Protein chains: 2
Amino acid sequence: MAFAFLIVDDDPDVLKAAALALSGPLARVDVATSPDGIEALAAGRDAVLLDMNFALGARSGEAGLGVLAQLKSAEPELAIVLMTTFGGVSLAVEALKKGAEDFILKPWRNDALEIAMTKAAQATRARRAEAGLTLDEIERRAIARALLASGGNMTKAAAMLGLTRPALYRRLERHGL
Amino acid sequence: MAFAFLIVDDDPDVLKAAALALSGPLARVDVATSPDGIEALAAGRDAVLLDMNFALGARSGEAGLGVLAQLKSAEPELAIVLMTTFGGVSLAVEALKKGAEDFILKPWRNDALEIAMTKAAQATRARRAEAGLTLDEIERRAIARALLASGGNMTKAAAMLGLTRPALYRRLERHGL
DNA sequence: CTAGAAGCGTCCGTTTTCGGACACTGCATG
DNA sequence: CATGCAGTGTCCGAAAACGGACGCTTCTAG
């Protein structure tokens with residue numbers, strides 16, 4: 001249950017503050033001042049906190065969005081939380097559309113940062129777990145969910161899953177449900 | 001793409017402020033000052049913003065957590081964002097464990113609130129879409145994902161899915177992939 | 001009480017799927 | 001060049017899944 005975070009920002013003070021806020025018995029934190037070779041740095045992490053503006057004075061967030069896209073394409077399950085000082089809603093929306101897990105404005109509240117990163121890490125774990133599932137396990141879960149959603153009504157559950165009722169019975173038995 | 005929000009707080013000023021922040025061409029907002037009959041009020045919403053403390057002076061957040069549990073059990077797909085003034089990390093963690101989608105501290109930043117609620121609404125939509133999927137469609141997606149993850153290597157993809165290779169071929173053909 | 005509707009669990013002849021095996025291709029290594 | 005490893009696509013007898021139909025139990029309404 002211990003999470004591994006990576007923080008990327010060109011300002012050492014920001015890195016120090018964020019690392020302090022996130023460090024704890026349940027979290028390992030590493031930092032980087034540049035997004036160079038970020039795929040390798042991010043390997044094995046549960047979440048990445050990424051600054052949007054690296055070039056001094058840059059405010060468009062383009063740099064961060066580029067790194068976001070690059071990292072997401074290398075490892076789609078990994079949650080990436082973006083942070084910026086110059087946060088407009090439109091920029092945030094664009095970031096979320098590109099796959100960012102969350103969006104934090106500097107200066108942040110430590111509570112909020114910790115919550116966001118914890119949620120992000122949990123999302124990563126969940127996606128990784130799902131990605132490794134066997135077809136049988138996926139089917140079992142879907143069936144269990146449908147059965148729950150229909151309140152135990154076999155006919156409705158079968159229809160919901162696109163099965164005939166006998167087929168649902170067979171699968172229930174096969175999965176031991 | 002227009003979202004419907006419900007805001008529940010006993011303070012009318014808070015309701016007004018939150019409604020103003022969230023209103024827009026893409027969002028319909030309704031408010032309530034009490035969580036009574038919340039299941040009915042929440043029907044058809046994409047996300048609910050819920051205060052944690054209703055009794056005057058109450059700070060434990062117990063009230064909000066109770067309503068959260070009640071609402072979650074009635075409609076598990078619905079995203080619920082909790083808000084409180086007296087936010088400790090432990091309370092936030094507890095809330096998230098009980099199924100809250102996010103956790104906002106009062107006073108909030110309008111940007112952050114809008115982002116949080118938009119993300120929550122998207123999460124609701126995604127879960128609802130998934131809940132209605134047929135077994136065939138679920139299988140098709142899982143296969144497509146595995147094939148992508150293995151870089152097109154049939155043997156690896158089959159192993160990942162817990163299938164024999166011929167079985168994977170049959171399913172590919174059946175799904176037209 | 002009775003008719004109808006809705007749901008349940010099972011049967012069985014037909015259809016589909018299963019997976020081990022086989023032959024083939026590409027490709028790196030000695 | 002030869003060897004071996006990894007991957008691909010297909011075949012076929014055995015095995016499993018398919019789904020329409022049947023008889024049964026509730027439950028609701030007239």
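Just so it is clear, the structure is predicted and the values come from calculations on it, not from any experiment. Numbered from 1 within each chain, the chains take letters A, B, ... in sequence-line order.
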Report summary line: Rounding to 0.5 Å, atoms CE (M154(B)) and CZ (R165(B)) come to a distance of 8.5 Å
Requested in this report: Please confirm whether the backbone N or O of D36(A) pairs with a side-chain atom of S34(A), one donor and one acceptor, at under 3.5 Å?
Outcome: yes
Query raised in the report: On DNA chain D, nearest-nucleotide positions of L168(A) versus R170(B): which is more 5'?
Result: R170(B)
Requested in this report: Without swapping roles, check the side chain of R45(B) against the backbone of L41(B) for a donor-acceptor pair under 3.5 Å.
Outcome: yes
Query - Nearest-angstrom distance from the residue atom CZ of R165(A) to P of dA17(D) - result: 18 Å
Report task. Please state how far atom CZ in R171(B) lies from atom P in dT10(D), giving the value in whole angstrom units. Result -> 18 Å
Query raised in the report: Does L6(A) reach the side chain of L49(A), with side-chain heavy atoms less than 4.5 Å apart?
Result: no
Query - Distance in Å, N110(B) CG paired with L22(B) CG, rounded so as to fall on 0.5 Å steps - result: 8.0 Å
Query raised in the report: Is there a donor-acceptor pair under 3.5 Å between the side chain of S150(A) and the backbone N or O of N153(A)?
Result: yes
Report task. Check the distance between dG19(D)'s P and L135(B)'s CG and give it to me in whole angstrom. Result -> 12 Å
Query raised in the report: Taking only residues two or more places apart in sequence, or in another chain, which ones meet S23(A) in a side-chain contact (heavy atoms from CB on, under 4.5 Å)?
Result: V29(A)
Query - Among dA17(D), dG19(D), dC11(D), the nucleotide that comes nearest once only the side chain of P166(B) is considered - result: dC11(D)
Report task. Using only side-chain N and O atoms of R174(A), determine if any of them is under 4.0 Å from OP1 or OP2 of dA17(D). Result -> yes
Query - Nearest-angstrom distance from the residue atom OH of Y169(A) to C1' of dG20(D) - result: 15 Å
Report task. Could you identify which residues of residues 138-161 of chain A place a heavy atom less than 4.0 Å from some atom of DNA chain D, listed by residue number, or say none? Result -> none
Query raised in the report: Is atom CZ of R127(A) surrounded by more than 12 heavy atoms (other residues, nucleotides or ligands) closer than 6.0 Å?
Result: yes
Query - Spacing between L163(B) atom CG and dG9(D) atom P, to the nearest angstrom - result: 16 Å
Query raised in the report: Which nucleotide of DNA chain C is the first, and which the last, in the 5' to 3' direction, to come under 4.0 Å of a heavy atom belonging to chain B?
Result: dT17(C) to dG20(C)
Requested in this report: Answer yes or no: are there more than 12 heavy-atom neighbours, outside R141(A) itself, under 6.0 Å from its atom CZ?
Outcome: no
